[in-house]
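For reference, the structure discussed in these notes is given below.
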Amino acid sequence: MSTKTLAEGASVKIKPAHEPVSKSFLEHSKIWMNGKMVPWSEATVHIATHALHYATAIFEGIRCYATPRGPAVYRLDRHIERLYNSSKIYRMEPPYPVEELNEAILELIRINDLPSCYIRPIVYRGYASLGVNPFPCPVDVAILLMDWGKYLGDDALDNGVDVCVSSWSRMAPNTLPALAKSAANYMNSGLIKMEAILGGFHEGIALNHDGYVSEGSGENIFIVRGRDLITPPLEAAILPGITRDSVMTIARDLGYTVVETNIPREMLYCADEVFLTGTAAEITPIRSIDRIKIGCGKAGPVAREIQREFFALIEGDREDRRGWLTHVR
Ligand code: PPE
């Protein structure tokens, strides 16, 4: 299906959210489940699994890149730290030390012999009994590897994406904690995403309960005004994105001023550039919002400069002075 710029006023057919995972790859892969490497076909759960009924699951999304020194996991420590923090909030800490889960991820990539992949660890309440009370149910852990291409379409990183502001808001404080990467929060993301797709957009941006910009269904958001990079603060009901942190660090090093502050919706339309960040989405420029053209209507110079720095590390053109890569071999 072809994708045309909404800013040009064209009618559009939008590609599916991300490339379908290759079935043959998946079905030959091993999955880590509660300390054991099991074949894909045996990595199943019972229909009475607590998480299936009550969304009692925490997960992570991590990328392993093909670097000149072989596969390397991007910011593994920060992802595992967030997994344990999310689990702590929901009183379901994994029954494995951090080091064991780290090593399980690396070993899984080795035994599946992958040059690059997307890693999905999940901590969930398994089967013991149903009913809201999660305490009787065991805390199970699994790690699944996937083969995700470009999250928002093949040409998204160059040409940008068309987004809308969603009619759905992100979670209000004291409802579902936004800082936890919980399965429950993705029911809200799903509403945002479905509305966007049915409206002919690649992605939806949610406002928070105060009406300020929050984040995309699966990404954080940045706007550019001159030499300033502005992004919503943690209290705007956002996931504390690890790519967001990488981008803020890279931007400061490049001499930009990074500001975490509330963004009124209309500031999006008037920005020089707007882009999304996430493990899956990496750094994806936005070319239109609510059919209003943003900046030059494709990847702007600031997004480009940050993309270049971001990928330079993975491509081996920059020394890993912050220790962001964990080499698998
Ligand atoms: N906000 C949300 C709601 C979100 O889901 C993600 C990641 C981010 C921000 C960016 O966080 P980080 O990946 O740490 O930079 N979304 C993940 C899953 C999307 C999906 O399952 O679909 C991802 O990018 O892996």
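It should be emphasised that the depicted structure is a prediction, and the values quoted were computed from it without experimental measurement. Counting starts at 1 for both ligands and their atoms, in listed order. By convention here, the first residue in the shown sequence is residue 1.
Residue Leu239 has no N or O atom closer than 3.5 Å to an N or O atom of ligand 1. Backbone and side-chain nitrogen or oxygen atoms of Phe59 are examined, and none is located within less than 3.5 angstrom of a nitrogen or oxygen of ligand 1. Of the N or O atoms in Ser189, none lie within a sub-3.5 Å distance of an N or O in ligand 1. Backbone and side-chain nitrogen or oxygen atoms of Thr243 are examined, and one is located within less than 3.5 angstrom of a nitrogen or oxygen of ligand 1.
For the pair Ile122 and Ile58, the minimum side-chain heavy-atom distance is 4.5 Å or more. With a 4.5 Å cut-off on side-chain heavy atoms, Met171 and Asn188 count as touching.
In this model, no donor atom of one side chain and acceptor atom of the other lie less than 3.5 Å apart for Arg227 and Thr257. In the model, Asp228 has no side-chain atom that pairs as donor or acceptor with a side-chain atom of Tyr256 under 3.5 Å. Residues Asp162 and Ser288 have side chains that bring a donor and an acceptor to within less than 3.5 angstrom of each other.
For atom 17 (C) of ligand 1, the nearest non-hydrogen atom from the set Lys181, Arg63, Glu219, Arg244 belongs to Lys181. Nearest to atom 3 (C) of ligand 1 by heavy atom, out of Arg120, Arg170, Glu282, Arg75, is Arg170.
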Arg322 vs Thr249, side-chain hydrogen bond (donor to acceptor under 3.5 Å, both in side chains): CA-CA, chis, key distance, verdict: CA-CA 10 Å; Arg322 300 187 190 91; Thr249 307; 5.4 Å; no
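At a heavy-atom cutoff of 4.0 Å, ligand 1 is contacted by no atom of Pro240, backbone or side chain. Counting heavy atoms closer than 4.0 Å to ligand 1, residue Trp148 contributes side-chain atoms (C-beta onward) but none from N, CA, C or O.
Distances below 4.0 Å separate heavy atoms of Glu215 from the following atoms of ligand 1: 1 (N), 2 (C), 3 (C), 9 (C). Close approach to Tyr118 involves these atoms of ligand 1, each under 4.0 Å from a residue heavy atom: 17 (C), 18 (C), 23 (C), 25 (O). Below 4.0 Å from some heavy atom of Ile242 lie the following atoms of ligand 1, by number and element: 12 (P), 14 (O), 15 (O). Near Gly241, with a cut-off below 4.0 Å to any heavy atom, the atoms of ligand 1 are 11 (O), 12 (P), 14 (O), 15 (O). For ligand 1, the atoms lying closer than 4.0 Å to a non-hydrogen atom of Ala280 are 23 (C), 24 (O), 25 (O).
In this structure, Leu145 CG and Ile31 CD1 are separated by 8.0 Å, a value rounded to the nearest 0.5 Å.
When all heavy atoms are compared, the tightest approach of Tyr74 to His79 is O-CD2, 3.6 Å.
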Counting only pairs under 3.5 Å, give me each side-chain donor-acceptor contact of residues 212-219, with atom names and distances, residues two or more places apart or in other chains.
residue : atom : partner : partner atom : Å
Ser214  : OG   : Ala236  : O            : 2.9
Ser214  : OG   : Ala237  : O            : 2.8
Glu215  : OE1  : Asn220  : ND2          : 3.3
Glu215  : OE1  : Leu239  : N            : 3.1
Glu215  : OE2  : Arg170  : NE           : 2.8
Glu215  : OE2  : Arg170  : NH2          : 3.1
Glu215  : OE2  : Leu239  : N            : 3.4
Ser217  : OG   : Glu203  : OE1          : 2.8
Ser217  : OG   : Glu203  : OE2          : 3.0

